[in-house]
K.L.:
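Please find one structure pasted underneath; my questions will follow.
Chain identifiers are assigned alphabetically (A, B, ...) following the order of the sequence lines, protein sequences preceding nucleic acid strands; residue numbering begins at 1 within each chain. Every value quoted in this text rests on a predicted model; they were computed, and no experiment measured them.
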Amino acid sequence: MTSLASWTSPTSIRNLLVGFVARVPARVQTKLLVAFLTIVGLLIVLGTVGLRVLSGVNEQTDVLIKQQRKIAAYRQVQHDTTNQLYGISTALLFPDDKTLDVALGQLNQFGYDLDRLEFVAKDEPELIGKFRTDCNDFIDVMTQVVKLIRTGRVDEARKLQRDSAAPLADSLERHTNTLVNKAEADMVTAIETTEQAYRTSQIVFIAFALGSILLALGLGYVISWSLVEPVTEIGARLRQIAAGDFTQRVRVVNRDELSTLASDLNRTSEELGRLYRQLEEASRHKSEFLANTSHELRTPLNAILGYTELIQDNIYGDVPAKIREILERVQSNGRHLLGLINDVLDLSKIEAGQLTLAISDYSIKEVVQTVVASADSLAAEKKLLLRTEIADYLPLGQGDERRITQALLNLVGNAIKFTEIGEVAVRAAAVDGAFHLAVADTGPGIAAKDQERIFEEFQQADSSSTRKKGGTGLGLSISKRIIEMHGGRIWVESELGRGSVFRFTLPVRPNTGRASA
Amino acid sequence: MSKRILVVEDQEDNRRIVRDLLKSAGFEMLEATTGEEGIRLAETGRPDLILMDIQMPVLDGYEATRQIKAAADLRHIPIIVVTSYALSGDDAKARAAGADGYVAKPFSPRELLAKIRQFLPS
């Protein structure tokens, strides 16, 4: 059982989420669509919240402005009242037309400001009602006072002003103060409310924004990993298949296109594995068949060659010159056939994995000399110069001497076979723990497009040359296999019309691991 | 007195060739077609040299060689093993079994005779 601690660790939460998203039985497209729509939805909510916060702030600003206007209007009325009292007092002291006009003007202004006040403070009908009554009374009294002054009854006017106007002004002053105080209190409340609302909105907005970002990141992460993990797994599996391992299966928890892909891959892998095993078996049967057949072919052929040689050696009596000549043809054809059979046998053994190297110490110089001695008569027949360039100091090598000789002999034999004029040179040197051998000829050369192909079975650069020059086309591939079994490498450097150089390397001390007992 | 050579070989034509070769070279020849017969003839015929084919049914040439070399009164007889070309590493196996010489098939009669003369100079 998994412990609680490991369930709550970040890795397991991640695995849990990734696994969950992977297991959702929906197409990848749908999952991506849902994720994007979720993010879009959150952005819409975020926008809406933002707009609401803005309009809330706007409303509060409106309220504040209104309060501000109210206060200004109250103050104006207060100011008017004071002005009015002052104006009348002046008129009482200097009852001329000019001061009276000023007082009347102020009275008009008073009325105008009062209208304005009513307009901005519509929400306070009760207070405004009382205020209006007092104001109207005040205006009436003032109008009377002005009338009295105008008619010269200054004493009466003074009395009326003192007894009626002053108390009304006081009352107005009180009312105004009450209104101002209330408006100021309202303003403070409004400011506080605004601030509170702003702070709340800010928190909500930030929370939504953070939530959206986290959700978007989380969804992206989880969905991408739910895709990346199976894709990585499938990729690894494909690499195994490419490397020839058909036994593994992809295990994907997804229930979307990737699970289809994974199960398709598993089926393909099984099918490939089955075909591969069939092919391997068929190939082994073929190689075994070839090996057996070649062996069966060789036995009678050996007998033919043996009898021929005995006849040539006059063991069954003297042989007439004419028959002797024919016997030579029999023998050379027989040897040729034997060479072909041996090539087929060698290659099928190599392919069937039955060829083991008999590792022992050898001298590469001796190998070269043996090869040159064997090929000398062939070269002489075609009037070709066969020469060697062997480095002075060559270490003792380790490998299957007979097979290495065979590999080099194939190269030299080919060089002689394909060269009509000039020379064949065999070079041997040792560099950095490896022998470097080269067989250079002055033959027709090999086109670049054929230089890889000639190392494959049954391939000659020009298939017409098979008929012309003979040979199975197996020699080079046998040489290649032998050299590679020793851990070496073979390649050709050539250009049409410029001859060819076949080069190969052989580790002086190979680590073949195939040494036979 | 001519030298006596035991040829252990299951294949008729190969025996015939070797027989004709050896007769013309003046050797006396004993013939065995199986490994068991070869061991018996080695004991009774007292050959001066044994030519032993490797590929034989039941008791192969390695085993026959091993048994002859294990017998105190026979181990002095030189044994030339004739191996199939196809089986690389046969020379080492032949030496391990106690063979004194080694010829790979396909051998030319001339080469075989030269090899025999290494052990039985005329």
Side-chain angles (χ1 to χ4, degrees), chain A residues 287-288 290-317 331 334-335 337-339 341-350 352 354-360 399-406 478 481-482 485 514-517, chain B residues 5 7 9-27 29 31 33 51 53-57 60-62 66 81-99 102-117 122:
Chain A
S287 301
E288 281 170 5
L290 276 174
N292 291 337
T293 311
S294 308
H295 186 69
E296 295 306 320
L297 289 172
R298 272 154 28 90
T299 311
L301 190 55
N302 283 340
I304 293 171
L305 288 171
Y307 286 127
T308 309
E309 197 176 304
L310 291 181
I311 300 170
Q312 282 177 319
D313 287 355
N314 296 329
I315 285 180
Y316 303 115
Q331 198 175 39
R335 279 193 182 143
L337 180 57
L338 190 64
I341 292 169
N342 285 340
D343 278 358
V344 173
L345 182 62
D346 271 344
L347 200 69
S348 50
K349 284 188 80 69
I350 291 172
Q354 289 171 2
L355 187 95
T356 46
L357 297 178
I359 304 289
S360 60
D400 188 330
E401 182 171 4
R402 201 158 65 86
R403 292 294 177 185
I404 294 169
T405 308
Q406 182 187 2
I478 291 171
R481 303 289 189 106
I482 290 172
M485 280 175 84
R514 298 198 197 194
S516 66
Chain B
I5 296 176
V7 177
E9 164 71 77
D10 63 327
Q11 227 266 323
E12 166 59 27
D13 276 305
N14 286 347
R15 275 204 311 278
R16 170 84 198 263
I17 290 167
V18 174
R19 185 193 308 139
D20 294 347
L21 175 77
L22 295 183
K23 290 251 167 77
S24 77
F27 291 107
M29 178 170 154
E31 293 179 35
T33 55
L51 270 183
D53 187 48
I54 285 304
Q55 279 197 307
M56 285 184 298
D60 73 6
Y62 295 127
R66 218 168 280 128
V81 157
V82 182
T83 67
S84 162
Y85 161 87
L87 304 168
S88 185
D90 277 359
D91 47 350
K93 266 156 114 182
R95 270 179 219 296
Y102 162 86
V103 174
K105 276 185 188 170
F107 56 84
S108 102
R110 272 167 227 155
E111 286 169 15
L112 180 64
L113 195 57
K115 194 83 184 175
I116 290 170
R117 292 220 190 274
S122 52

K.L.:
Residues two or more places apart in sequence or in another chain: which of them pass side chain to side chain contact (heavy atoms under 4.5 Å, CB included) with B:Gln11?
P.N.:
A:Thr299, B:Glu9, B:Asp13, B:Asn14

K.L.:
Atom OG of B:Ser108 and atom CD of A:Gln312: how far apart are they, to the nearest 0.5 Å?
P.N.:
10.0 Å

K.L.:
By the definition side chain to side chain contact (heavy atoms under 4.5 Å, CB included), identify the one residue from A:Thr308, A:Ile315, A:Leu310, A:Asp313 that meets it with B:Pro109.
P.N.:
A:Leu310

K.L.:
When you compare the side chain of B:Glu111 with that of A:Glu309, does any pair of heavy atoms fall below 4.5 Å?
P.N.:
no

K.L.:
Would you mind checking which part of A:Leu301 comes under 4.5 Å of any heavy atom in chain B, side chain (CB onward), backbone (N, CA, C, O), both or neither?
P.N.:
neither

